[in-house]
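See below for the structure under consideration.
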Amino acid sequence: MNEQKSNISSRLRKTVAPIVFECSAVDLSSSTEREKFKAKIGWVDDGDNQGHYDAWNVEILYKENEKEYDKSAIFLNDALMQVRAQFLSRGQTWH
């Protein structure tokens with residue numbers, strides 16, 4: 001299961017992340033470089049260099065980059081819509 005998770009995250013990082021974060025592949029090339037995106041994907045700092053990822057406190061999920069759950073705005077972020085458009089333009093199906 002961990003191997004599948006690793007494969008999926010690597011694949012998403014290479015294909016989708018540059019679109020979502022409007023960055024280059026270089027910005028995502030190492031864990032050190034990816035640190036700058038933590039807040040956008042739900043990192044909550046608990047203090048003393050500790051923290052966790054919150055599944056719903058993720059600004060890229062919401063239409064206006066909110067950081068709190070809003071069922072009327074979830075999955076409506078423009079960056080996510082661009083990802084969908086990229087897949088559709090390549091003739092890939094979207095399920």
message = Which heavy atom of F37 sits nearest to which heavy atom of C23, and what is that distance?
response = CZ-SG, 3.9 Å
inquiry  = Are L76 and V16 linked, directly or through intermediate hydrophobic residues, by side-chain heavy-atom contacts shorter than 4.5 Å (ILVMFWY only)?
reply    = no
message = Give me the atom names and distance for the closest heavy-atom approach of P18 to R13.
response = CD-O, 3.3 Å
ask   = Is there a chain of hydrophobic side chains (I, L, V, M, F, W, Y, each step under 4.5 Å between heavy atoms) that links Y53 to Y69?
value = yes
query = Do the side chain of Y62 and the main chain of W56 share a donor and acceptor less than 3.5 angstrom apart?
reply = yes
query = What's the spacing between D70 CG and L61 CG if we round to 0.5 Å?
reply = 11.5 Å
request  = To the nearest 0.5 Å, tell me how far M81 CE sits from K63 NZ.
outcome  = 9.0 Å
Inter-residue atom distance I41.CD1 - F21.CZ, 0.5 Å rounding = 5.5 Å
task = Determine whether I19 and F75 fall in the same hydrophobic cluster, where Ile, Leu, Val, Met, Phe, Trp and Tyr are linked whenever their side-chain heavy atoms lie under 4.5 Å apart.
result = yes
task = Show your working on side-chain contact (heavy atoms from CB on, under 4.5 Å) between D27 and K36 and close with a plain yes or no.
result = CA-CA 9 Å; D27 292 322; K36 59 187 159 201; 3.3 Å; yes
query = Rounded to the nearest 0.5 Å, what separation is found between the CG atom of D78 and the CD atom of E22?
reply = 9.0 Å
request  = Taking D48 for its side chain and Q50 for its backbone only, find out whether a donor-acceptor pair lies under 3.5 Å.
outcome  = no
key: Distance in Å, L28 CG paired with K14 NZ, rounded so as to fall on 0.5 Å steps   = 11.5 Å
